[in-house]
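Counting begins at 1 with the first residue of the sequence. For clarity, every value in this text was computed on a predicted model and none was experimentally measured. Values below: every heavy atom of this structure, side chains too, minus hydrogens, waters and symmetry copies.
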Amino acid sequence: MTDFLIAFDGDPDEVDTDARDLRDFLSQDGELRGRIANRMVPPAPGEQGGVADAVHYATELGPLVLQPLGLWLAARLRKGKVKLTLHRPDGAELKISTEGVGDAQALLDRVEHFLDPDEAGEAGEALEA
């Protein structure tokens with residue numbers, strides 16, 4: 001894998017909404033516009049249209065994504081539950097499952113540390129709050 005991937009877990013409708021909201025939010029940044037995409041799951045038989053279940057972006061965009069992703073996560077944490085998995089191009093992943101804000105800054109610091117190529121954490125981390 002050569003991209004970062006942010007995959008959402010849960011109810012398909014909520015997953016689709018979160019994935020599309022994150023893509024739209026990140027795309028508001030002029031340097032990211034047109035360079036962030038959703039991963040689409042094909043429709044089930046008898047359904048129309050696919051469901052977005054993740055957001056992916058090229059490795060070189062990593063530093064540009066950190067700040068807006070942190071802002072989106074902070075706002076999303078205030079709304080309630082967040083359940084997602086961050087995947088780095090080296091195969092490492094960080095699972096996040098939280099019901100609310102808790103220590104939002106600690107969570108955001110952990111995400112930034114994991115995604116920052118200069119400070120990347122270990123593979124297989126899990127963070128639950």
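Between the NZ atom of Lys81 and the CG atom of Asp9 there is a distance of 10.0 Å, given to the nearest 0.5 Å. If you take OG1 on Thr59 and CG on Asp3, they are separated by 6.0 Å, rounding to the nearest 0.5 Å. The NZ atom of Lys83 sits 11.0 Å away from atom CD of Glu14, with the distance rounded to the nearest 0.5 Å. One distance of note links OG1 of Thr98 with CG of Leu107; it measures 6.5 Å at 0.5 Å rounding. Atom CH2 of residue Trp72 and atom CG of residue Asp18 lie 4.5 Å apart, to the nearest 0.5 angstrom.
Not a single donor-acceptor pair under 3.5 Å links the side chain of Arg76 to the backbone N or O of Leu71. Counting only distance, with no hydrogens or angles, the side chain of Arg33 and the backbone of Gln28 share a donor-acceptor pair below 3.5 Å.
With a 4.5 Å cut-off on side-chain heavy atoms, His87 and Phe4 do not count as touching. For the pair Phe114/Leu86, a side-chain contact is recorded, criterion being any heavy-atom separation below 4.5 Å from C-beta on. You'll find the side chain of Leu73 reaches within 4.5 Å of the side chain of Leu84, heavy atoms only. The shortest distance between side-chain heavy atoms of Leu69 and Val111 falls below 4.5 Å.
Nearest heavy-atom pair across Leu5 and Ala54 is CD1-CB, 3.6 Å. Across Gly49 and Pro43, no two heavy atoms sit closer than the pair O-CB, 2.9 Å. Contact detail for Leu108 and Ala74: the closest heavy-atom pair is CD1-CB, 3.9 Å. Residue Asp16 comes nearest to Gly50 through the heavy atom pair OD1-O, 4.5 Å, listed as atom of the first residue, atom of the second, then distance. Shown here for Val15 and Asp53, the closest heavy-atom pair between the two residues is CG1-CA, 3.5 Å. In terms of heavy-atom proximity, Ile36 sits nearest to Ser27 at CB-OG, 4.0 Å.
Leu61 and Leu66 fall within a single hydrophobic cluster, where Ile, Leu, Val, Met, Phe, Trp and Tyr side chains are chained together by heavy-atom contacts under 4.5 Å.
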* To do: Go through the steps for Leu64 and Tyr57 under the test side chain to side chain contact (heavy atoms under 4.5 Å, CB included), then give the verdict.
  => CA-CA 10 Å; Leu64 298 174; Tyr57 57 93; over 6 Å; no
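Shown are His56, Arg20, Arg23; of these, the side-chain hydrogen bond (donor to acceptor under 3.5 Å, both in side chains) with Asn38 is made only by Arg23.
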